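As the structure is a prediction and not an experimental result, all values here were calculated from the model.
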Amino acid sequence: MKVYELPAETKAATGFTHKAIITHEDLTTSADNTAQDVKIITMPAKSVVTRVALHLKTPFQKTGTTAYNTNAVIIGDSGDTDRWMTSTEVNVNGSEVLAKVQPSTIPAAYVTATDINANFASMASYDLAELDAGELHVFFAKAELADY
């Protein structure tokens with residue numbers, strides 16, 4: 001997985017400060033019907049996240065079969081596992097969500113260092129390590145208040 005700070009022009013145009021790219025290669029759980037947390041970033045103490053959005057660049061799938069047809073993702077932190085994104089379908093099954101922002105999300109201030117995670121769910125008879133395609137871009141806006 002890659003996480004990087006966006007260029008100043010992109011920050012100004014979108015309001016997002018960082019981008020994470022999660023691919024099928026980051027999903028390594030090999031137990032059927034078992035979810036996996038992927039740590040996106042550790043927010044430092046005295047920081048704030050104001051919003052998160054996702055863009056499904058390439059839907060997740062196990063090529064060669066249509067039977068593996070569901071993978072949902074949630075994005076949150078240790079206090080609320082879906083604080084930033086409620087269950088969102090990312091498998092190439094006809095109901096995948098290509099872009100989403102959580103409209104009711106309230107900014108969160110982190111007093112102590114806190115991990116922001118994406119949790120990927122699998123389905124019965126399949127595991128996440130079997131996926132051989134998929135790329136999710138997660139955008140977020142953060143500020144480290146200790147810097148100001």
Side-chain angles (χ1 to χ4, degrees), residues 1-44 47-110 113-144:
M1 185 187 65
K2 298 175 186 174
V3 178
Y4 58 93
E5 188 168 354
L6 295 169
E9 299 81 14
T10 305
K11 288 179 187 178
T14 66
F16 292 105
T17 61
H18 291 74
K19 177 181 177 179
I21 299 173
I22 303 169
T23 71
H24 67 93
E25 294 170 340
D26 298 308
L27 303 177
T28 58
T29 298
S30 59
D32 288 355
N33 197 26
T34 302
Q36 178 182 340
D37 276 336
V38 176
K39 182 172 86 172
I40 296 173
I41 193 169
T42 300
M43 294 302 300
S47 61
V48 174
V49 173
T50 56
R51 65 191 179 125
V52 174
L54 64 79
H55 165 65
L56 184 60
K57 183 173 181 184
T58 306
F60 289 81
Q61 67 176 318
K62 178 179 179 179
T63 54
T65 181
T66 57
Y68 191 170
N69 59 16
T70 187
N71 296 107
V73 65
I74 61 173
I75 300 173
D77 56 39
S78 57
D80 184 350
T81 58
D82 68 352
R83 177 185 308 276
W84 300 112
M85 196 68 55
T86 56
S87 186
T88 303
E89 182 60 59
V90 292
N91 187 286
V92 63
N93 63 13
S95 64
E96 66 271 18
V97 177
L98 300 178
K100 183 177 180 181
V101 65
Q102 199 71 25
S104 62
T105 300
I106 297 171
Y110 296 105
T114 304
D115 291 341
I116 300 214
N117 298 307
N119 179 278
F120 287 81
S122 189
M123 60 178 282
S125 301
Y126 292 97
D127 61 66
L128 294 170
E130 292 180 75
L131 295 168
D132 55 13
E135 184 173 317
L136 179 68
H137 294 192
V138 180
F139 295 86
F140 51 101
K142 77 175 195 106
E144 295 181 28

Gap between atom [atom2] of [Y] and atom [atom1] of [X] - 0.5 Å precision:
| X | Y | atom1 | atom2 | result |
| --- | --- | --- | --- | --- |
| Leu54 | Met85 | CG | CE | 4.5 Å |
| Thr70 | Glu89 | OG1 | CD | 3.5 Å |
| Asn117 | Thr42 | CG | OG1 | 8.5 Å |
| Leu136 | His24 | CG | NE2 | 13.0 Å |

Using side-chain heavy atoms (C-beta onward) and a distance below 4.5 Å, is [X] in contact with [Y]?
| X | Y | answer |
| --- | --- | --- |
| Phe139 | Leu6 | yes |
| Tyr126 | Thr65 | yes |
| Ile22 | Phe120 | yes |
| Thr81 | Asn119 | no |
| Ile116 | Ile75 | yes |
| Glu96 | Val90 | no |

Taking salt bridge (Lys or Arg N to Asp or Glu O under 4.0 Å) as the cut-off, I'd like each qualifying pair that reaches into residues 121-134, sequence neighbours left out, listed once.
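Of all non-adjacent pairs touching residues 121-134, those that pass salt bridge (Lys or Arg N to Asp or Glu O under 4.0 Å) are Lys62-Glu130.
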
Taking salt bridge (Lys or Arg N to Asp or Glu O under 4.0 Å) as the cut-off, I'd like each qualifying pair that reaches into residues 15-35, sequence neighbours left out, listed once.
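Sorted result for residues 15-35: empty, none.
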
Over 12 non-hydrogen atoms of neighbours within 6.0 angstrom of CG in Leu98:
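Yes, CG of Leu98 has more than 12 neighbouring heavy atoms, counting only those of other groups under 6.0 Å.
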
Distance-minimising heavy-atom pair for [X] and [Y]:
| X | Y | value |
| --- | --- | --- |
| Ala141 | Gly15 | CB-O, 3.3 Å |
| Ala72 | Ser87 | CB-OG, 3.4 Å |
| Ala20 | Val3 | CB-CG2, 3.8 Å |
| Asn91 | Pro59 | C-CB, 4.2 Å |
| Val73 | Ala118 | CG2-CB, 4.1 Å |

Looking at residues at least two apart in the chain, or sitting in another chain, which of them share a salt bridge (charged side-chain N to carboxylate O under 4.0 Å, His left out) with Arg83?
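Partners of Arg83 under the salt bridge (charged side-chain N to carboxylate O under 4.0 Å, His left out) test: Asp77.
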
With sequence neighbours left out, what residues match Lys39 under salt bridge (charged side-chain N to carboxylate O under 4.0 Å, His left out)?
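Partners of Lys39 under the salt bridge (charged side-chain N to carboxylate O under 4.0 Å, His left out) test: none.
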
Is a side-chain donor or acceptor of Gln36 paired with a backbone partner of Thr29 at a separation under 3.5 angstrom?
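Indeed, once roles are kept as given, a pair shorter than 3.5 Å links the two residues.
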
Treating Thr17 as the side-chain partner and Lys142 as the backbone partner, does any N or O pair qualify as donor plus acceptor under 3.5 Å?
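Such a contact is found between Thr17 side chain and Lys142 backbone.
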
Name all residues meeting the side-chain contact (heavy atoms from CB on, under 4.5 Å) criterion together with Ala8; count only those two or more places apart in sequence or in a different chain, and write none if there are none.
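Here no residue qualifies.
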
Any residue meeting ring-ring contact (aromatic ring centres under 6.0 Å, His included) with His18, in chain and number order, not counting sequence neighbours:
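Scan of His18 (ring-ring contact (aromatic ring centres under 6.0 Å, His included), adjacent residues dropped) gives Phe140.
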
side-chain hydrogen bond (donor to acceptor under 3.5 Å, both in side chains) against [X], all qualifying residues, sequence neighbours excluded:
| X | value |
| --- | --- |
| Thr86 | Lys100, Gln102 |
| Gln61 | none |
| Ser95 | Asn93 |
| Tyr68 | Asn71, Ser122 |

Walk me through it: do Leu128 and Thr34 pass the test side-chain contact (heavy atoms from CB on, under 4.5 Å)?
CA-CA 8 Å; Leu128 294 170; Thr34 302; over 6 Å; no

Pair listing, ring-ring contact (aromatic ring centres under 6.0 Å, His included) test, anchored in residues 72-97, at least two apart:
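Counting only pairs at least two positions apart or across chains, no ring-ring contact (aromatic ring centres under 6.0 Å, His included) contact touches residues 72-97.
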
Could you give me the CA-CA distance, side-chain angles and deciding distance for Leu56 and Val97, then say whether side-chain contact (heavy atoms from CB on, under 4.5 Å) is met?
CA-CA 7 Å; Leu56 184 60; Val97 177; over 6 Å; no

Could you note down all residue pairs passing side chain to side chain donor-acceptor pair (under 3.5 Å) where residues 48-59 supplies at least one of them, sequence neighbours left out?
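Matches after skipping sequence neighbours: none remain.
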
